[in-house]
Peer 1: 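To start, I am sharing the structure in question, which I have written as structure tokens.
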Protein chains: 2
Amino acid sequence: MENIKIIIASDSIGETAELVARACISQFNPKECKHEFLRYPYIETKEDIDEVIQVANDRNAIIVYTLVKPEMKTYMESKIGTNKLRSIDIMGPLMGYLKDAFEENPYNQPGRVHRLDDAYFKKIDAIEFAVKYDDGKDPKGLPKADIVLIGVSRTSKTPLSQYLAHKSYKVMNVPIVPEVTPPDMLFDIDSSKCIALRISEEKLNRIRKQRLKQLGLGDSARYANEIRIKEEIKYFEDIVDRIGCAVIDVSDKAIEETANDVINIIESQSK
Amino acid sequence: MENIKIIIASDSIGETAELVARACISQFNPKECKHEFLRYPYIETKEDIDEVIQVANDRNAIIVYTLVKPEMKTYMESKIGTNKLRSIDIMGPLMGYLKDAFEENPYNQPGRVHRLDDAYFKKIDAIEFAVKYDDGKDPKGLPKADIVLIGVSRTSKTPLSQYLAHKSYKVMNVPIVPEVTPPDMLFDIDSSKCIALRISEEKLNRIRKQRLKQLGLGDSARYANEIRIKEEIKYFEDIVDRIGCAVIDVSDKAIEETANDVINIIESQSK
């Protein structure tokens with residue numbers, strides 16, 4: 001079957017439209033349903049729109065767009081109409097509702113969601129914080145962190161910390177390994193900001209074997225050894241009991257799902 | 001004015017719907033136009049939907065939703081209809097188009113966009129890579145990286161690396177400081193994967209003064225000194241000339257915009 005062509009057109013970067021398109025595409029079998037994204041960011045002029053319309057006509061593509069400047073949006077709509085093209089306006093319906101509800105005119109400035117305001121700098125600080133205090137490198141991060149994640153090796157602490165940092169939380173993660181005594185301060189911080197990542201023995205075994213294969217090592221290394229894994233998990237559970245913190249089972253969860261659980265726990269405790 | 005209530009309802013996490021809502025909200029003056037998000041992730045049953053409908057009725061909220069299970073979507077639509085509620089279906093229109101275009105039925109499984117497939121693990125690896133090789137810590141990352149970012153201090157190398165990592169690029173960043181000779185290998189790698197982040201003197205001066213204020217230090221420290229900044233930028237330009245790599249001016253750009261520029265350069269060079 002022919003590839004389905006999806007034009008992502010935006011007067012900003014187009015990441016909102018692309019995320020919606022990706023969420024939809026992920027619902028189809030990638031072997032049977034091939035697709036191609038054609039990206040047209042920073043649409044500024046009618047000529048830019050004419051180019052998009054031309055491509056949509058030539059390549060039989062659907063146009064998924066986010067345009068906030070009224071004159072560009074109107075021009076796009078009229079061109080789509082006269083060319084009888086398929087299109088989806090991602091922001092239009094909600095913008096229409098908000099205009100009425102707020103009884104205010106919007107700024108109509110593309111890319112405002114990326115503007116350099118306090119929220120933006122808070123996010124940047126959080127990302128730098130998570131890099132700086134990754135892997136328990138410096139216990140001085142513990143009192144400053146909004147969230148402290150603990151877990152055995154290979155429980156995705158680093159990417160989870162980064163994911164939460166992109167949501168503006170300052171996150172420190174501390175690996176729990178029998179040979180390394182965790183910093184004393186871990187038992188002194190507010191336990192409600194500490195979250196333990198639990199993983200099943202089976203899952204941990206599978207992930208580590210995978211990891212060893214990637215590193216070109218055999219199965220037998222201590223890292224993936226079953227007795228060793230039991231010992232690590234026992235040690236982890238002891239630490240969790242001592243801290244008395246919330247636990248999330250990450251065995252079958254994607255980072256995004258675990259992050260959602262973490263945020264729910266943190267926000268419900270801070271109320 | 002009263003807060004506008006926006007319900008984000010999803011049979012997965014709801015991040016797609018929330019991103020669309022945030023993009024729209026950012027177009028309104030936050031002082032005049034107050035809003036509140038009410039999140040209902042993991043909608044699984046009709047009772048979950050009944051709760052959302054109840055809240056929408058009680059609090060006069062608009063429902064912005066992503067539901068991929070047909071029975072849940074149909075139930076939501078009928079309840080919205082009988083209750084005469086305002087709503088926006090984020091994925092519905094594009095899903096409808098894709099079903100026809102692919103001539104295939106979708107999986108209808110919530111959260112597939114977060115599934116644990118190769119693309120997912122590639123992203124996780126990229127995030128860990130960017131943390132591991134942040135700040136030029138280990139030149140061994142240079143040949144392995146997809147993208148090498150160079151720049152003086154405070155050009156957002158770390159958050160930019162992380163942002164690109166979330167798009168599955170393996171990124172290493174190397175700070176350029178007159179006192180530290182960059183690793184020899186920087187001049188040996190394929191210069192087409194190296195990107196230099198240029199910043200204006202004025203902008204750098206402003207950012208650093210801000211930074212010193214945050215750290216509780218005065219303006220006069222060397223870090224924000226004008227002569228020092230000129231010297232650093234001169235040194236940076238010399239390195240850029242030696243490598244012969246592409247340059248992006250980041251002076252007035254948000255990370256997301258710079259990331260978009262980086263990806264365009266890298267993708268166009270790899271063609």
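The sequence lines fix the lettering, A, B, ..., with proteins before strands; numbering per chain opens at 1.
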Peer 1: Is any NZ, NE, NH1 or NH2 atom of the basic residue among B:Lys123 and A:Glu256 found under 4.0 Å from an Asp or Glu carboxylate oxygen of the other?
Peer 2: yes

Peer 1: Need one label for B:Ala17: side chain, backbone, both or neither, based on atoms under 4.5 Å from any heavy atom in chain A.
Peer 2: neither

Peer 1: Please classify the contact between B:Ile62 and chain A as side chain, backbone, both or neither, with a heavy-atom cut-off of under 4.5 Å.
Peer 2: both

Peer 1: Could you look at B:Pro93 and say if it's the side chain, the backbone, both or neither that has a heavy atom under 4.5 Å from chain A?
Peer 2: both

Peer 1: Select, from B:Gln109, B:Glu15, B:His166, the one with the greatest count of heavy-atom pairs under 4.5 Å involving chain A.
Peer 2: B:His166

Peer 1: So what's closer than 4.5 Å to chain A heavy atoms on B:Tyr42: side chain, backbone, both or neither?
Peer 2: side chain

Peer 1: Do you know which of A:Ile255, A:Asn108, A:Thr66 has the most heavy-atom pairs under 4.5 Å to chain B?
Peer 2: A:Ile255

Peer 1: Between A:Val20 and chain B, with a heavy-atom cut-off of 4.5 Å, which part of the residue counts as in contact: side chain, backbone, both or neither?
Peer 2: both

Peer 1: Give, as side chain, backbone, both or neither, the part of A:Ala21 having an atom under 4.5 angstrom from any heavy atom of chain B.
Peer 2: both

Peer 1: What I want to find out is whether B:Asp135 reaches B:Lys157 closely enough, with some N-O distance under 4.0 Å, to be called a salt bridge.
Peer 2: no

Peer 1: Output yes when B:Glu36 and B:Arg59 qualify as a salt bridge under the 4.0 Å nitrogen-oxygen rule, no when they do not.
Peer 2: yes

Peer 1: As an exercise: rank B:Val68, B:Asp125, B:Asp252 by heavy-atom pairs under 4.5 Å with chain A and give me the winner.
Peer 2: B:Val68

Peer 1: Would you mind checking if B:Lys73 and B:Asp11 are paired as a salt bridge, meaning a charged N to carboxylate O distance below 4.0 Å?
Peer 2: no

Peer 1: Could I get the full list of side-chain hydrogen bond (donor to acceptor under 3.5 Å, both in side chains) partners for A:Ser12, not counting sequence neighbours?
Peer 2: none

Peer 1: Who among A:Ile90, A:Ile6, A:Asn29 has the most heavy-atom pairs with chain B under 4.5 Å?
Peer 2: A:Asn29

Peer 1: So B:Ile63 and B:Met76, side-chain contact (heavy atoms from CB on, under 4.5 Å) or not? Walk me through it.
Peer 2: CA-CA 10 Å; B:Ile63 306 174; B:Met76 177 72 98; 4.1 Å; yes

Peer 1: Taking the inter-plane angle between the rings of B:Phe37 and B:His35 on a 0 to 90° scale, is it parallel (under 30°), tilted (30 to 60°) or perpendicular (over 60°)?
Peer 2: perpendicular

Peer 1: Checking heavy atoms, do the side chain of B:Tyr120, its backbone, both or neither come under 4.5 Å from chain A?
Peer 2: side chain

Peer 1: Is a salt bridge present between A:Lys122 and A:Glu128, judged by a nitrogen-to-oxygen distance below 4.0 Å?
Peer 2: no

Peer 1: Measure A:Arg112 against the heavy atoms of chain B and call it side chain, backbone, both or neither at under 4.5 Å.
Peer 2: both

Peer 1: Here's a test for you: under side chain to side chain donor-acceptor pair (under 3.5 Å), which of B:Lys140, B:Lys144, B:Lys170 qualifies with B:Tyr133?
Peer 2: B:Lys144

Peer 1: With chain A, which of B:Leu98, B:Ile127, B:Asp134, B:Asn264 has the greatest number of heavy-atom pairs at distances under 4.5 Å?
Peer 2: B:Leu98

Peer 1: One thing to verify: whether A:Glu18 and A:Arg39 come together as a salt bridge, which I'm taking to mean a side-chain N less than 4.0 angstrom from a carboxylate O.
Peer 2: yes

Peer 1: Highest number of heavy-atom pairs under 4.5 Å with chain B: which of A:Glu257, A:Lys132, A:Lys253?
Peer 2: A:Glu257

Peer 1: Could you have a look at B:Leu94, B:Val64, B:Val131 and say which one has the most heavy-atom pairs with chain A under 4.5 angstrom?
Peer 2: B:Leu94

Peer 1: Output the distance between atom CD (B:Glu104) and atom NZ (A:Lys31), rounded to the nearest 0.5 Å.
Peer 2: 12.0 Å

Peer 1: Is it the backbone or the side chain of B:Leu160 that comes under 4.5 Å from a heavy atom of chain A, or both, or neither?
Peer 2: neither

Peer 1: For the interface with chain A, which of B:Thr158, B:Ile13, B:Asn105 has the highest count of heavy-atom pairs at distances below 4.5 Å?
Peer 2: B:Ile13

Peer 1: Chain B heavy atoms under 4.5 Å from A:Asp261: which part of the residue, side chain, backbone, both or neither?
Peer 2: side chain

